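In what follows, a single structure is set out as structure tokens and then discussed.
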Amino acid sequence: MFDFRPAPDCPKPEAYRQLREAADSLTAGEPDGVANMANVAALLWDFLPDLNWAGFYRMVDGELVLGPFMGRPACIRIPLGKGVCGVAAKDAASQLVKDVHAFPGHIACDSDTNSELVIPVVRNGAVIAVIDLDSPQKARFDEEDLRGIEELANIIAERI
Ligand code: SME
């Protein structure tokens, strides 16, 4: 049995440290990228409160294609430059969106979503995937979340 969840009152930087440690130990030595993305999506879901979606879009033939996730069924293909995920992938730049309704071109997969954090996963200088986190809360994510997920993306970049 795996139970990596942090204590409910755990400060955010410590929770992200534990999340990275759990992701590292779950993916180390496992060559199957789908299995590793699935476990990381499950960890994100377990570790981070107030999410309605957590998972991956993968870069496949120049567009983003849905990968392992937790949450409701989602859009399958996202062109580069479209929506929050497509902009993150095209620009290789994290997107911290406090209010998705104010983001031009936001793709509403779930009408419950109000804020979003998208972090590119970069390997050998190329974006190979994005990590997408959605929340029904406005301004759910901050700079600590952004840094925590960017560091996670660095750890898993060679393993997905
Ligand atoms: N809202 C995203 C699309 C993906 S879903 O949220 C899972 C976007 O605008 O890119």
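Read the numbers this way: they start at 1 and go in the same order the structure lists the ligands and their atoms. For clarity, every value in this text was computed on a predicted model and none was experimentally measured.
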Could you check whether the rings of Phe69 and Trp53 sit parallel, tilted or perpendicular, using 30° and 60° as the cut-offs? parallel
Hydrogens and angles aside, do Asn36 and Glu30 bring a side-chain donor and acceptor to less than 3.5 Å of each other? no
Compile the protein residues with any heavy atom at a distance under 4.0 Å from an atom of ligand 1; present them by chain, then by number. Trp53, Tyr57, Ala74, Ile78, Gly83, Val84, Cys85, His106, Ile107, Cys109, Glu116, Asp132, Asp134
Donor on one side chain, acceptor on other, Ser94 and Glu150, under 3.5 Å: yes
Output yes when a side-chain donor or acceptor of Arg123 lies under 3.5 Å from a complementary backbone atom of Ala157, and no otherwise. yes
Using a distance-only test with no angle check, is there a side-chain donor-acceptor pair under 3.5 angstrom linking Asn114 and Ser135? no
Could you walk me through whether Thr27 and Arg159 pass the side chain to side chain donor-acceptor pair (under 3.5 Å) check? CA-CA 7 Å; Thr27 59; Arg159 302 178 184 176; 2.9 Å; yes
